[in-house]
Each structure stands twice: as C-alpha cells, then as structure tokens.
Protein chains: 2
Amino acid sequence: MGKKEIVRMTHQRKIILEELRSVTSHPTADDIYAMVKRRLPKISLGTIYRNLETLSVLGLVQKLEVGGTQKRFDGDISNHYHIRCTHCGTVEDIFTEPIASIEDLFKKVDKYKVTGYRLELFGVCPQCEQ
Amino acid sequence: MGKKEIVRMTHQRKIILEELRSVTSHPTADDIYAMVKRRLPKISLGTIYRNLETLSVLGLVQKLEVGGTQKRFDGDISNHYHIRCTHCGTVEDIFTEPIASIEDLFKKVDKYKVTGYRLELFGVCPQCEQ
DNA sequence: ATGGGTGCAAATCTTTTGCATCGAG
DNA sequence: CTCGATGCAAAAGATTTGCACCCAT
C-alpha cells in the first residue's frame with residue numbers, strides 16, 4: 001500500500017466490494033469472509049484483510065473504528081453517524097444532517113490539524129430489549 | 001464480575017487507581033502496567049487487565065473505546081470529548097460544554113434505548129506536525 | 001476461615017506477514 | 001512479461017483465562 005503502485009481490480013477485490021456494498025449492516029472482516037466465501041470458496045482471510053485495507057485507503061469503503069473488539073466496514077462512504085448495541089454489537093446508521101456544532105469544536109483544538117471525527121451512540125437495540 | 005460479590009480494595013487495585021488518576025494522559029493497559037510496575041515490581045499484566053475491567057464496571061474509571069488497536073483508560077470519569085493523533089496515537093481531552101444537538105439525536109433513534117455516546121476527533125498533533 | 005484476588009503461563013482472538021505461485025494489465 | 005495479489009500458514013499483538021496460592025474482610 002505504498003506510494004505509486006498500480007492497483008489491480010482482481011476478481012477477489014471486486015467481489016469483496018460487491019458484497020460489502022450489498023448490505024447495510026456493518027460487517028466485521030470475519031463476516032465479510034463468510035459472505036465472500038460463498039462465492040469464492042478458496043479465498044483466504046488474509047486476502048479479505050488486505051483488500052479491506054486497500055479499499056479503505058482508496059476511499060471505496062469505510063473502516064469504522066467503532067468500539068468493540070473487531071473493526072467493522074461500511075460500503076457507504078458518506079459521512080454519517082452510527083449507533084451500536086452494547087448487548088449484541090450490531091451497528092446501525094443514523095440518518096441526519098451533520099451537526100454543525102461539532103465542526104465548531106474544530107476551532108477549539110487549533111493546536112491540532114483536525115482531519116475528521118466520529119460520533120457513535122450506544123444503546124440497546126429493540127431485539128435485545130427484552 | 002458477576003452480580004453480588006464483595007469487591008475487595010486490594011493493594012494492587014488501589015495503586016492502579018492512584019496511578020491512573022495521577023495522569024491526564026489516556027494510557028493503555030500496557031502503559032499502566034509500566035507505571036504500576038515501578039511501585040509493584042511483581043504485578044502481572046493479567047492483574048492490570050482484570051482490575052481495569054473491575055474498576056470500569058464500578059464506574060471508578062472510564063474505558064475509552066477510541067480507535068486504534070489498544071483500549072485506553074481514563075481516571076477522569078466525567079463525560080468529555082477526545083481528540084486522537086492519527087500519527088502517534090496520543091489521546092487528549094477537549095474541554096468544552098456538552099453539545100446539546102447531539103443529545104437531540106437521541107430522539108431520532110427512539111427504537112433504541114440510548115445509554116450514551118462518544119465523540120472523537122482525529123487529527124495530527126503539534127509534535128507530529130513537522 | 002472464606003472466597004475474591006494475584007502471579008504466572010498458557011490459551012484465545014484478531015490482524016498481520018513471509019513466501020512461493022498466480023494472473024491482471 | 002512484470003510485479004502486484006493470492007492462498008496458506010506461521011507470527012504478532014492484545015486480551016483473557018485456568019490454576020494453585022494468597023490475603024482482605
């Protein structure tokens with residue numbers, strides 16, 4: 001993933017991207033491995049990780065560093081917020097306009113060159129709520 | 001960490017808490033291990049992890065599930081925001097009043113029982129900025 | 001004296017990486 | 001053809017856990 005290599009659109013890479021774009025959930029690398037394996041039974045987990053990294057560097061997918069032990073990935077590259085169920089780990093999108101007062105915070109930390117932010121709500125999802 | 005056990009304030013636990021409260025940084029378990037080891041050379045990393053979990057369940061410390069590969073801990077249990085340097089991993093506090101429009105979001109996700117949220121800015125710190 | 005806590009080491013889980021081979025451009 | 005990508009397996013990094021002994025209550 002260095003500077004000026006040519007990125008090849010391999011069969012594996014294309015299918016990983018397709019699968020990730022086909023869901024609105026926010027799967028872990030392992031989830032994606034299972035999804036892709038249905039179509040490419042011989043694919044290895046290492047290839048999944050390498051491609052998710054490549055695709056997120058290219059900006060074609062989002063690597064979500066939400067809480068929990070595993071990273072999650074999102075085929076929707078728009079900037080949006082998430083809510084995570086602290087019971088089952090599910091991550092869902094929150095559909096709303098960006099909150100301007102958060103961007104105002106950028107000024108308060110002017111020692112830093114701010115490049116972005118993450119807002120994540122925690123809660124208990126309807127399924128776990130019984 | 002079950003339901004009704006009596007929690008003992010052991011020497012190790014007390015010193016871990018003291019050390020964590022003595023800094024404003026947001027150390028990883030490993031950092032805390034090094035700090036505590038200066039006072040208790042025989043302490044084990046397992047004890048550090050077990051106590052940080054216990055203390056955070058008790059609400060005496062905060063487990064910060066910020067991005068990056070390691071979890072970080074905060075002896076300041078007030079709700080505040082953080083900024084993380086994407087280059088060196090340092091996490092600093094942002095001193096500001098809570099942003100009301102974030103709490104307004106809670107209503108938009110009324111299917112969930114919202115219990116809290118996290119706001120984390122990313123950027124490059126002054127030290128890394130050269 | 002009890003049963004939660006500790007130190008130690010092994011185990012687990014997630015992610016990364018070395019290497020021989022493959023295949024996209 | 002070339003060199004980036006893959007599959008496989010081993011390695012690495014972070015955290016958890018089993019167990020015998022210890023000590024706070």
Side-chain angles (χ1 to χ4, degrees), chain A residues 1-20 26-58 60-73 89 91, chain B residues 1-20 26-58 60-73 84 88-89 91:
Chain A
M1 286 313 308
K3 299 86 250 280
K4 46 188 66 116
E5 307 104 0
I6 293 143
V7 175
R8 297 178 182 170
M9 187 48 67
T10 60
H11 193 207
Q12 289 88 333
R13 184 164 293 163
K14 193 183 311 182
I15 290 186
I16 289 170
L17 188 52
E18 275 178 25
E19 288 294 319
L20 187 48
H26 303 75
T28 62
D30 227 72
D31 295 333
I32 297 166
Y33 179 48
M35 290 156 61
V36 172
K37 204 159 192 179
R38 292 196 299 260
R39 297 175 59 185
L40 301 175
K42 301 219 56 170
I43 201 168
S44 77
L45 189 51
T47 298
I48 300 287
Y49 274 105
R50 278 184 289 230
N51 274 304
L52 289 172
E53 177 63 23
T54 300
L55 290 170
S56 79
V57 169
L58 292 177
L60 295 175
V61 309
Q62 263 193 88
K63 190 196 291 183
L64 304 179
E65 301 207 29
V66 295
T69 49
Q70 289 168 275
K71 289 190 175 45
R72 289 172 178 275
F73 295 86
V91 176
Chain B
M1 285 313 309
K3 300 85 248 287
K4 46 187 62 116
E5 306 107 1
I6 292 142
V7 175
R8 297 181 181 168
M9 188 48 67
T10 60
H11 193 206
Q12 290 88 333
R13 186 164 293 164
K14 192 182 313 182
I15 290 186
I16 289 170
L17 188 52
E18 276 178 24
E19 288 294 320
L20 187 48
H26 303 76
T28 62
D30 227 73
D31 295 334
I32 297 167
Y33 180 48
M35 290 157 62
V36 171
K37 204 159 190 176
R38 293 197 298 260
R39 296 174 60 184
L40 301 175
K42 301 219 56 172
I43 201 167
S44 77
L45 189 52
T47 297
I48 300 287
Y49 274 105
R50 278 184 289 232
N51 275 304
L52 288 172
E53 177 62 23
T54 300
L55 291 170
S56 77
V57 169
L58 292 175
L60 295 175
V61 309
Q62 265 193 87
K63 190 196 292 183
L64 304 180
E65 301 208 30
V66 294
T69 50
Q70 290 168 277
K71 288 190 176 42
R72 289 172 178 274
F73 295 85
R84 179 164 59 92
C88 67
V91 176

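First the proteins, then the strands, lettered A, B, ... as listed; each starts at 1. Note that the structure is a prediction, hence the values are computed from the model and not measured.
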Short side-chain N/O contact from Lys14(B) to OP1 or OP2 of dA24(D), under 4.0 Å: no
OP1 or OP2 of dG5(C) under 4.0 Å from side-chain N/O of Arg50(B): no
Leu64(B) CG - dA14(D) C1' separation (whole Å): 17 Å
Side-chain N,O (Thr10(A)) to OP1/OP2 (dT6(D)) below 4.0 Å: yes
Closest to the Thr47(A) side chain, choosing from dT6(C), dG7(D), dC8(C): dG7(D)
Closest to side chain of Arg8(B), choosing from dT14(C), dT2(C), dT6(D): dT2(C)
Side-chain heavy atoms of Arg50(A) within contact of Gln12(A), under 4.5 Å: no
Sugar-phosphate only, base, or nothing, as touched by Asp30(A) at under 4.0 Å among non-hydrogen atoms: nothing
Sugar-phosphate only, base, or nothing, as touched by Ile43(B) at under 4.0 Å among non-hydrogen atoms: sugar-phosphate
OP1 or OP2 of dT15(D) under 4.0 Å from side-chain N/O of Tyr49(B): yes
Options dT15(C), dG4(C), dT6(D), nucleotide nearest the side-chain atoms of Gln12(A): dT6(D)
Below 3.5 Å, can you tabulate the donor-acceptor pairs from side chains in residues 41-49 of chain A to any protein atom, sequence neighbours excluded?
| unit_1 | atom_1 | unit_2 | atom_2 | d |
| --- | --- | --- | --- | --- |
| Ser44(A) | OG | Thr47(A) | N | 3.3 |
| Ser44(A) | OG | Thr47(A) | OG1 | 3.2 |

Short side-chain N/O contact to dC8(C) OP1/OP2 from Ser44(B), under 4.0 Å: no
